[in-house]
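Read the structure below first, then the notes.
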Amino acid sequence: MSIHNNEIANMFDELADLLEIEGSNRFRVRAYRNAARTIRKHTKKMAQLIEQHRDLTELPDIGNDLADKIKTIVETGQLPLLEKVHSRTPATLSQIMKIRGLGPKRVKALHESLKIKTLDDLKHAANSGRIRELEGFGKKTEQMIKMRTEEFSEAEKRIKLIEAEEIATSLREYIKKSRGIKDFNIAGSYRRRKDTIGDLDILVTAGKNTDVMQRFVTYDRVREVLSQRETRSTIRLRTGLSVDLRVIPEKSYGAALHYFTGSKAHNIAVRKLALKKKIKINEYGVFKGEKRIAGNTEKEVYAQVGLPYIEPELRENRGEVDAAKRGKLPELINLEDIRGDLHCHTGATDGKNTLKEMAQAAAKRGYEYISINDHSKHMAVASGLGEKKLLEQIETIDKLNETLEDIVILKSIEVDILQDGSLDLPARVLKELDFTVGAVHSNFNLSRSQQTKRLLHAMDNPYFNILAHPTGRLINARKAYEVDLEKIMQGAKERGCFIELNAHPARLDLTDDACLMAKHTGLNIVISTDAHRTSDLDFMPYGINQARRAWLEAGDVINCLPLKKLKKTLSRK
DNA sequence: GCCGTTTTCGGCCCGACTGTTTTCAGTCG
């Protein structure tokens, strides 16, 4: 199996860390980090590009030297320069550098003076009080290292967007009760609607006599106040999440919102553009020389560099600045574009509500249609439906449809894809359905090629329509199974099948990168909630967020189609 | 090590905070 982009990127990041510790040219170090980011974000595998004799120097931040190095890694699995550096500087120092507050200079000092190589060494040195003796270090730094070393694993963890939202909602309510609060927004990856969140960055504008900062640091869910200043404070909540609050002058609100929304890579791209126009953008505004020329709104900031407003979900430096320049930004999909949910369960298997309740809940959300996709018999734990029970459900739906006025229930199933790629129910019953959704619920550990073959074989079945949660990942709980997504997408397109973006906030499967890959492949997707109860239908916005991050427009998503067109699209005949 | 509407050399995003100093280096976002 060929090497993953992530592994290549990790090698370059580690090399950058170690070179930085050694005191190498900082722009050379940055070049490796930039390259790592480019490689990590790229939707196609480097191995494949090389196989196709593509010129890697066409990628941003990749020049002749790095193209050669990537080739060497793909061919040999190793990076000779990294091996060479390892002989001088232990690889584990790169781990230590991930501790907040420890950068290359301090790690170097710790290594040279105290022979610290590992996290364990560091912990012992801090506990024995040797670190405070070093020049440039002191009591507080030692204390900080002690604490951060202990909570290292916790700080590293990103939480699911939905978890962040629950926390953010309470915080918003609490903070908005402060005196004189005007604007309130949460910037960062939360505003970019990333599937996971590392911390919260809250921005507010407030009148002179506001007590917002005092209220913030005394919030009852605070475990620790990490820093407290007049305009900026940081707290750590009992859940471990760290939260920043900044009080911003009104005239800088747009500039600050832009700055703190990021992503970092997007900001750098925009600021580079500003440099060319001889203007400067920072979190206070846009400046020409000393003169402030904009900053009240984000729109103003973009306008100064000749760009239209760019939606937060797009701000990942994945080509959005260039597209904006050329007036080619996508018209992103909205919740209102969705006309139905195509993956829902009922109490017939592991759902909680009846057919009628699900249908009514969908109608209430303004949908034209909803499909019922209960599990098939192989999912015994979910009391999956066998042939007989499914036929009964079909009959019930037909009868129910006659009585429902403003919604149509589509007859479907979430049929198990068995290990050999065959489907869990025979064609004679599948053909009675409007369409099918196929899914993997077992044998996650097949090899990449076996798993790919399995899924392609499943799609060979003429009654297969949509591949549900295509990688099986559960955020922070279960890794995606190994599968060649590009082949799956190509295969789906050739066969007239589609793939699902599962909007369940614990899944969000496909990732944004994978959705982008689907778009590039020309394969349309379905955004479904996998609802197991009526309230789960409200997961749809999470799917929409993810889709927007992948540049998807209503035309890329088939459950934006009216019923008649949807049926025609799903038909493989 | 990359890159070019200041184009093959000489730049590389920008400012704030922290802890250590006594004017600043290191780190972060």
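Chain letters run A, B, ... following the sequence lines, proteins first and then strands; every chain starts at 1. Note that this is a predicted model, so its numbers are computed, not measured.
Rounded to the nearest Å, the gap between the P atom of dG1(B) and that of dT6(B) is 27 Å. The P atoms of dG29(B) and dT23(B) are separated by 29 Å, rounded to the nearest whole Å. Taking the P atoms as reference points, dC12(B) lies 15 Å from dT7(B), given to the whole Å.
Partners of His469(A) according to the ring pair (Phe, Tyr, Trp, His ring centres under 6.0 Å) rule, which considers only residues two or more places apart in sequence or in another chain, are His441(A).
Of the side-chain N and O atoms in Arg229(A), one or more sit less than 4.0 angstrom from OP1 or OP2 of dT18(B). Not one side-chain nitrogen or oxygen of Asn282(A) sits closer than 4.0 Å to the OP1 or OP2 atom of dC14(B). For Tyr284(A), a side-chain nitrogen or oxygen approaches OP1 or OP2 of dA16(B) to under 4.0 Å.
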If you look only at distance, which donor and acceptor atoms sit under 3.5 Å apart when one is on a side chain in residues 328-335 of chain A and the other is two or more places apart or in another chain?
residue   : atom : partner   : partner atom : Å
Asn334(A) : OD1  : Arg548(A) : NH1          : 3.2

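With 3.5 Å as the limit, one finds no donor-acceptor pair spanning the side chains of His266(A) and Glu316(A).
Within the nucleic acid shown, Lys264(A) comes within 4.0 Å of at least one base atom, counting heavy atoms only.
In this structure, Lys194(A) does not pair ionically with Asp512(A), as no charged nitrogen and carboxylate oxygen lie closer than 4.0 Å.
Between Ala31(A) and Ile279(A), the residue anchored closer to the 5' end of DNA chain B is Ala31(A), taking for each the nucleotide with the nearest heavy atom.
At whole-Å resolution of the value, CG in Asp65(A) and C1' in dC3(B) are 14 Å apart.
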